[in-house]
There are 2 protein chains.
Amino acid sequence: MQISPLQKARNEYKPKTPSILTQAPARVTLKFSENPTSSTASAGIQELFPKTFHSKPVEFVAGDNPAANTARNVAVILSGGQAPGGHNVIVGILDGLKAANKDSKLFGFRNGPGGILADDCVELTPEFVAPFRNTGGFDMIGSGRTKLESEEQFQKTVEVFERRGISALVVIGGDDSNTNAGLLAEYLAGTGSSIQVVGVPKTIDGDLKNEQIEVSFGFDTATKTYSELIGNIARDANSAKKYWHFIRLMGRSASHIALECALQTRPNICLIAEEVAEKSLTLDAIVETIVSTIVQRSQQGKDYGLVLVPEGLIEAIPEMNTLIGELNTLLAEDEDYFGTLTTFEDQAEWVNRRLSREASYVFSTLPSEIQRQLLMDRDPHGNVQVSRIETEELLVDMVSTTLRERKARGEFDGKFSSLTHFFGYEGRCAFPSNFDSDYCYALGRTTALLIQNDLTGYIATVRGLADAASDWRPGGAPLAQMMNLERRHGKDKPVIKKALVETSGAPFRAFEDHREVWAKDTVYRYPGAVQYYGPTEVCDATSITLQLEQGRSVAI
Amino acid sequence: MQISPLQKARNEYKPKTPSILTQAPARVTLKFSENPTSSTASAGIQELFPKTFHSKPVEFVAGDNPAANTARNVAVILSGGQAPGGHNVIVGILDGLKAANKDSKLFGFRNGPGGILADDCVELTPEFVAPFRNTGGFDMIGSGRTKLESEEQFQKTVEVFERRGISALVVIGGDDSNTNAGLLAEYLAGTGSSIQVVGVPKTIDGDLKNEQIEVSFGFDTATKTYSELIGNIARDANSAKKYWHFIRLMGRSASHIALECALQTRPNICLIAEEVAEKSLTLDAIVETIVSTIVQRSQQGKDYGLVLVPEGLIEAIPEMNTLIGELNTLLAEDEDYFGTLTTFEDQAEWVNRRLSREASYVFSTLPSEIQRQLLMDRDPHGNVQVSRIETEELLVDMVSTTLRERKARGEFDGKFSSLTHFFGYEGRCAFPSNFDSDYCYALGRTTALLIQNDLTGYIATVRGLADAASDWRPGGAPLAQMMNLERRHGKDKPVIKKALVETSGAPFRAFEDHREVWAKDTVYRYPGAVQYYGPTEVCDATSITLQLEQGRSVAI
């Protein structure tokens, strides 16, 4: 049984490392920022995080920290959806711990936060992690979606860690998991426990970023993988010249993935959920935009094209947002009764009677397949599973109806044939790009340093990412300072705010400047498969989004 | 407006070339095979191809052919579905023609065979083709599905070519297009025309192969691209440990693509249409196989997995084959009446009354979505569009029903959650792998030599493909010798037989030897993205199928 040649080659890859991280841990120390408090944090947050809110962001500089050489037992969990590079974070932590003291140990708790509660862990030795260096996936120890958030769970964590002599926990996760990491850190500090908690920013969606975090890991590789596929399909559209491809892309509420893929591939249309919400564009208005592009291209003899649809679009459309909100309330309130309705017809009838007049109208005008998806696929909390709604099918259905009407009225004489795609699972476990391999390994080494410097309630940061890896600036930022209070289920809850696409930001503006030309002309760009070897501009470039956000000029 | 860094780099790539093709065309001559007549050709074929049947397969060897230096005007078309490498075939033809005489010209007729009938062409100069070197897609001149098969079309072709002074046509296509190329060559020879016709074996499906053709171009890149995605999804399944992924793969009747992807990724289950047909496995039997693997894995705590489903499966299942055959006849016979039935209910009712008792039973037991697909998506000839039937959804539906029944009976206590995918368009226009870049360029240079040696009715061949490119053996084989008579619409028609997966062949046997272990254990292999640079075993290896068929030993 052999591993693939690429896996073998990637196992040998040596990540490019910021120069400060090549020093022995005992020769690295902290430099605290002058400007400790985030301007965006609300007052209530400070009260909720008395112990950890007033920490200052740090960067690592040359200096002495003999305490780094203390042997430590550290735990790590992978939390939530997969993102390329998670294995390198773990490998980086291990290498960082061992560089200080060979007796330090790293324990991986299996299948996410649930693994801590079940006390299910494995020691991650250098031999154990070797085959996972620079590979995708979270299969080294598995991941899970259990939330570590109640006091009971926190106590259980302390129990398990004390029994095992573990003095620090690393949570590799997205906004929710890092919020809970911050809460756990605060809880532990409040009880006088010396157990440290450090987070690492993970998510392909790219929505965990702020003044301190330039990008979450995995975004680079996932968008490169989707852009490969979109580019291939664009080239197919431009060769066969007979299909409109509607491609939905993963990414939850935020449209960062769709936007990056648009900048990479120059599709005819890319919808951005944040713009739709900001301008309160109705479903009809969106359909009209698509239809007018199709008609315009058809008049030039081009009955083909490419439309990118972010997963979050459906929730951003005002009337759909209202409908989904009402459905969530309705199905939660009368979950038991709803469960007794076994046919779709009965469910739809009951729902229609209970929805507001406006929402009921919207619901009843949707294609029946979409109505079914709204009622049938709900998450464990009873909410509509937005990610399983086939928005691309909804758009195709409405666009083709409109075009048939126009054809009947003699206003359209082209052809409209469509194919739909959804990309998500294809990119979450790809081999991390060189950027993500390097970035994640650096995040891991940085995490080890934060622990070796006795910090808690921090998230690992590596900044200056548009520069060469040797110049990257590793450090950490207090989790509490990234939080806001949000009203959830009638209670104020601290949460790390999801970063949405800003329509005033450089990536969106670059897109806005070009989209009219992309719509009319056929100027697809073909990024091709992620390359790990070859010319540096082919294998080492990071996302256009990151470059633009860091003020670099990029020819679009 | 910039092309992608990879496209820029690929434009500079120099394909590895068989040593005989590095000679000047005038220094290369023909070596005819001793063994001219294919043993598989039927007697009737010889009568249909009196002029071109008795040609002998050739290989190119060093020698003198001063006639190669004659200036020639050659035409080329891309026919049918896209396959990675088509552009390199064209570039190879052009380089081969120009190497002999700078005044030779290559004309590309646009959008397939229809471009000849519309006399729509462009001269392909070195400057014109430069940006297409080593790129995917057929967008250089477009492709099309018009068939060039009637005498009227042949006459029109002669007219266009004579007016333009074109003395040879290259048809880059699959089995159908090459069959028609053979018929055109015979027609021209029969009328005393000196216009030559040469075919080139193209199709990602891998079903155009025989004693002379080791593999059609595009198969290598397409299967590598699908294997990348399958491997990524396998790693996701193995990380999240909660989904069964059912992945349908393009490939028409033959399961070569699914089989190669299985050898590359080691899924838990891969269905092979040819085996299903050979063993007359019913839909129920297939579902039972899948269910028993799911149950077995569930008992080990593994409620996740990966199933590959070839596009051709649905037609290979005996009762579905009967149903589809009856539907095709029915819908063709009463096309006009059927067109008046506007609701699915009316259509289903009518169809059910007209089908045989057995077919009607099968139809009525299918999920309604599949029934709709069988009735609604038909090709221009009125046939059911097998490629648009979501066989993966059909299987998921039946598997999950069976598992719910078992659960109710207390025979299954695991979980079954599924996700479905279809991969096809993602791989047809990828940048050709190094293998396909090299192979296609060699096919193009070989095609130029066949023309320069005044041959007609040949298909370009490059053999010894499991060896280093420098040792490949370029040549040609008579198209007529690859044909068989098949009964179509009540008439005998010569066709190049589609090569199906042979259950006695080395690739299937390798799969068969391992599939039980793959089903039970989790031994996914992760090929990763197609690499164009880096270690040779990472970027130059060809498909496992080809290596096994050429007698190489491969560790599976």
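Because the structure is a prediction, the values reported are computed rather than measured. Sequence lines set the chain letters: A, B, ... in the order given, protein chains first and strands last, and positions in each chain run from 1.
Residue contact with chain B, scored on non-hydrogen atoms closer than 4.5 Å, involves the side chain of A:Glu369 exclusively. In this structure, chain B has no heavy atom under 4.5 Å from any part of A:Thr265. For A:Arg10, no part sits under 4.5 Å from any heavy atom of chain B, backbone or side chain. For A:Tyr243, the part lying under 4.5 angstrom from a heavy atom of chain B is the side chain only. Contact of A:Glu537 with chain B is made through backbone and side chain together, with heavy-atom distances under 4.5 Å. For A:Lys242, the part lying under 4.5 angstrom from a heavy atom of chain B is the side chain only. For a residue to count as touching a neighbouring chain, one of its non-hydrogen atoms must lie under 4.5 Å from one of that chain's; by this rule B:Gln264 does not touch chain A. Contacts of A:Ala240 with chain B are made by both backbone and side-chain atoms, with heavy-atom separations under 4.5 Å.
For the set A:Thr225, A:Thr135, A:Thr522, A:Ile141, the count of heavy-atom pairs under 4.5 angstrom toward chain B peaks at A:Thr135. For the set B:Pro84, B:Gly534, B:Gly136, the count of heavy-atom pairs under 4.5 angstrom toward chain A peaks at B:Gly136. Residue with the most contacts toward chain A among B:Ala234, B:Ala529, B:Cys429, B:Gly81: B:Cys429 (heavy-atom pairs, distance under 4.5 Å). Among B:Gly231, B:Pro535, B:Gly427, B:Ala9, the residue making the largest number of heavy-atom pairs under 4.5 Å with chain A is B:Pro535. Ranked by non-hydrogen atom pairs under 4.5 Å with chain A, the options B:Leu6, B:Val538, B:Asp236 are led by B:Asp236. Among A:Ala237, A:Gly528, A:Gly86, A:Gly112, the residue with the largest count of heavy-atom pairs under 4.5 Å with chain B is A:Gly528. Top candidate by heavy-atom pairs under 4.5 Å with chain A, chosen from B:Gly144, B:Ser239, B:Ala541, B:Cys539, is B:Ser239. Contact count versus chain B (heavy atoms, under 4.5 Å) is highest, among A:Ala430, A:Gly142, A:Ser143, for A:Ala430.
Legend: residues meeting side chain to side chain donor-acceptor pair (under 3.5 Å) with B:Gln531, ordered by chain and number and at least two apart, are absent. Listed by chain and number, the residues in a side chain to side chain donor-acceptor pair (under 3.5 Å) with A:Asp220 are A:Lys224, A:Ser433, A:Thr542 (sequence neighbours excluded).
For the pair B:Arg266 and B:Tyr524, the cation-pi criterion (under 6.0 Å, within 45° of the ring axis) is not fulfilled.
By the 4.0 Å N-to-carboxylate-O rule, A:Arg110 lies close enough to A:Asp120 to be salt-bridged with it. With respect to the salt-bridge test (charged N to carboxylate O, under 4.0 angstrom), the residues A:Asp139 and B:Arg235 qualify. Using a 4.0 Å cut-off between charged nitrogen and carboxylate oxygen, A:Lys415 and A:Asp303 do not count as a salt-bridge pair.
A distance-only check finds a donor-acceptor pair linking the side chain of A:Ser4 to the backbone of B:Tyr526 [under 3.5 Å].
Ring pair B:Phe423/B:Tyr226 is parallel by interplanar angle, where below 30° counts as parallel and above 60° as perpendicular.
B:Pro267 is not listed as a side-chain neighbour of B:Ile230, based on a closest heavy-atom distance of 4.5 Å or more.
Between B:Phe246 and B:His421, the distance separating the two ring centers is not shorter than 6.0 angstrom.
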